[in-house]
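Inspection log for the structure reproduced underneath, given as structure tokens.
Small disclaimer: the values here were computed from a predicted structure and weren't measured. Sequence lines set the chain letters: A, B, ... in the order given, protein chains first and strands last, and positions in each chain run from 1.
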Number of protein chains: 2
Amino acid sequence: MKALSSPVRLKIVDELSRGDRCMCELQPMFPMNKSTLSRHVAALKNVGIVSERREGVRGYLKLQTPCILNVFDCTMGVIRAEAKRQAKLARG
Amino acid sequence: MKALSSPVRLKIVDELSRGDRCMCELQPMFPMNKSTLSRHVAALKNVGIVSERREGVRGYLKLQTPCILNVFDCTMGVIRAEAKRQAKLARG
DNA sequence: GCATGGTTGCGCAACAATGCACTATAGTGA
DNA sequence: TCACTATAGTGCATTGTTGCGCAACCATGC
């Protein structure tokens with residue numbers, strides 16, 4: 001769960017849910033040093049959420065756990081419910 | 001997700017999945033200062049994962065999002081897969 | 001050797017967790 | 001009404017953890 005607790009890593013997972021990517025493809029999408037991005041990816045690899053397959057000089061990342069996407073659904077549900085609750089509170 | 005990134009909060013959610021609890025019931029289960037526990041619970045309330053219903057002097061906590069339990073299932077799957085992978089690595 | 005793709009060591013700043021002391025509120029009973 | 005207790009939340013200081021960039025490094029292929 002800790003590995004999914006950062007917006008950056010969530011965005012990486014989201015991106016990988018649309019297909020495999022190499023670091024070099026991810027780098028333009030993230031406005032940060034490549035070392036930082038590398039560490040975020042490493043965090044996801046460490047816990048087994050993504051895997052890597054080398055193709056020559058590049059390493060392609062693959063989302064290893066499709067059920068993560070259900071987690072996103074649940075999260076969105078929580079966010080929507082909370083937004084509704086806040087709106088109700090604001091109305092009084 | 002951040003709210004679920006702490007072992008303590010995961011344990012709280014797990015406990016609430018078995019029924020509503022008040023802080024005073026949770027306190028004996030957690031070897032920490034009550035203020036710390038209170039803050040963990042507050043974090044879960046803030047994001048709408050748990051709700052509170054007051055009964056006199058006590059506040060009963062309720063798990064607001066059953067889909068969180070699916071998240072646990074997914075997580076366990078990842079953990080099992082990772083354990084298997086590690087075992088395979090160890091065998092060589 | 002050299003370019004490309006990716007990782008690691010290090011130090012700093014920001015953030016999160018914790019315990020202690022204190023406060024706030026609801027209920028209880030003289 | 002006024003203490004008194006039980007339950008829960010806050011302010012603050014300390015400590016531990018995380019995210020980050022920089023620079024150096026490792027690995028692959030030409």
Side-chain angles (χ1 to χ4, degrees), chain A residues 1-16 19-64 68 71 75 78 82 85-86 89, chain B residues 1-16 19-64 68 71 75 78 82 85-86 89:
Chain A
M1 301 302 305
K2 235 186 226 176
L4 291 177
S5 71
S6 136
V8 174
R9 293 194 289 268
L10 287 176
K11 200 176 162 197
I12 293 173
V13 169
D14 180 54
E15 186 55 36
L16 291 182
D20 300 0
R21 299 280 185 274
C22 68
M23 291 285 298
C24 55
E25 287 170 311
L26 292 178
Q27 272 174 43
M29 305 176 191
F30 294 84
M32 55 178 49
N33 198 288
K34 66 177 179 167
S35 72
T36 303
L37 183 56
S38 170
R39 271 183 263 248
H40 280 298
V41 168
L44 292 169
K45 281 197 288 189
N46 279 340
V47 298
I49 290 177
V50 314
S51 63
E52 186 172 16
R53 129 185 73 90
R54 293 211 74 87
E55 286 190 8
V57 71
R58 294 181 176 180
Y60 278 88
L61 303 166
K62 180 187 174 62
L63 188 58
Q64 201 64 9
I68 293 261
V71 174
T75 306
V78 174
E82 186 61 12
R85 202 179 65 82
Q86 294 289 345
L89 271 178
Chain B
M1 300 304 303
K2 233 186 229 177
L4 292 177
S5 71
S6 136
V8 174
R9 293 195 288 270
L10 286 176
K11 198 175 163 196
I12 293 172
V13 169
D14 179 54
E15 186 55 36
L16 291 182
D20 299 1
R21 300 279 185 277
C22 68
M23 289 288 296
C24 54
E25 287 169 311
L26 292 179
Q27 271 174 44
M29 305 176 192
F30 294 85
M32 55 178 48
N33 199 288
K34 65 179 180 164
S35 72
T36 303
L37 181 56
S38 171
R39 271 182 264 248
H40 281 297
V41 168
L44 292 169
K45 282 197 288 189
N46 279 340
V47 297
I49 290 177
V50 313
S51 64
E52 186 172 16
R53 128 186 74 89
R54 293 212 74 88
E55 286 190 10
V57 70
R58 294 181 176 181
Y60 278 88
L61 302 167
K62 180 187 173 64
L63 188 57
Q64 201 65 9
I68 293 262
V71 174
T75 306
V78 174
E82 186 63 9
R85 201 179 65 80
Q86 293 289 346
L89 271 179

Subject >> All pairs passing salt bridge (Lys or Arg N to Asp or Glu O under 4.0 Å) where residues 36-49 of chain A contributes a residue, at least two apart >> reply: Lys45(A)-Glu52(A)
Original post:
Can any side-chain N or O of Thr75(B) pair as donor or acceptor with the backbone N or O of Val71(B) at less than 3.5 Å?
Top reply: yes
Original post:
So which pairs with a foot in residues 19-32 of chain B pass salt bridge (Lys or Arg N to Asp or Glu O under 4.0 Å), sequence neighbours left out?
Top reply: Glu15(B)-Arg21(B), Asp20(B)-Arg53(B)
Original post:
Do Val50(B) and Lys62(B) come close enough that some side-chain heavy atom pair is under 4.5 Å?
Top reply: no
Original post:
What is the distance, rounded to the nearest whole Å, between atom CG of Asn33(B) and atom C1' of dC12(D)?
Top reply: 13 Å
**OP:** Tell me which of Cys22(B) and Arg39(A) sits closer to the 5' end of DNA chain D, going by the nucleotide each one is nearest to.
**Re:** Cys22(B)
**OP:** Write down the distance between CZ (Arg54(A)) and P (dA27(D)), rounded to a whole number of angstrom.
**Re:** 10 Å
Original post:
What's the shortest heavy-atom distance between Arg54(A) and Val57(A), and which atoms?
Top reply: NH2-O, 3.1 Å
**OP:** Treat primed atoms plus P, OP1 and OP2 as sugar-phosphate and everything else as base, then score nucleotides 13-19 of chain D 5' to 3': B for base contact with protein heavy atoms under 4.0 Å, S for sugar-phosphate contact only, - for none.
**Re:** -----SS
Subject >> Spacing between Lys34(A) atom NZ and dC26(D) atom C1', to the nearest angstrom >> reply: 11 Å
Original post:
Please give, in whole Å, the distance from dA8(D) P to Ile12(B) CD1?
Top reply: 13 Å
**OP:** Identify, with sequence neighbours excluded, every residue that meets side chain to side chain donor-acceptor pair (under 3.5 Å) alongside Gln27(B).
**Re:** none
Subject >> Distance in angstrom units between Gln27(B) CD and dA8(D) C1', rounded >> reply: 8 Å
Original post:
Can you name the residues that form a side chain to side chain donor-acceptor pair (under 3.5 Å) with Ser35(A), not counting sequence neighbours?
Top reply: Asn33(A)
Subject >> Residues touching DNA chain C, which here means a heavy atom under 4.0 Å, drawn from residues 44-53 of chain B >> reply: none
Original post:
Are any of the side-chain nitrogens in Arg85(A) or Glu82(A) under 4.0 Å away from the carboxylate oxygens of its partner?
Top reply: yes
Residues 2-12 of chain A side chain polar contacts: donor-acceptor under 3.5 Å, at least two apart:
| from | atom 1 | to | atom 2 | distance (Å) |
| --- | --- | --- | --- | --- |
| Ser5(A) | OG | Lys2(A) | O | 2.7 |
| Ser6(A) | OG | Val8(A) | N | 3.2 |
| Ser6(A) | OG | Arg9(A) | N | 3.3 |
| Arg9(A) | NE | Ala3(A) | O | 2.6 |
| Arg9(A) | NH1 | His40(A) | ND1 | 3.0 |
| Arg9(A) | NH2 | Lys2(A) | O | 3.2 |
| Lys11(A) | NZ | Met29(A) | O | 3.3 |

**OP:** Go through residues 55-64 of chain A and report each residue with a non-hydrogen atom lying under 4.0 Å from DNA chain D, sorted by number.
**Re:** Gly56(A), Val57(A)
Subject >> Nearest listed nucleotide, side chain of Cys24(B), among dG6(C), dT7(D), dA21(C) >> reply: dT7(D)
Original post:
Going by heavy atoms in the side chains, are Val41(B) and Met23(B) under 4.5 Å from each other?
Top reply: yes
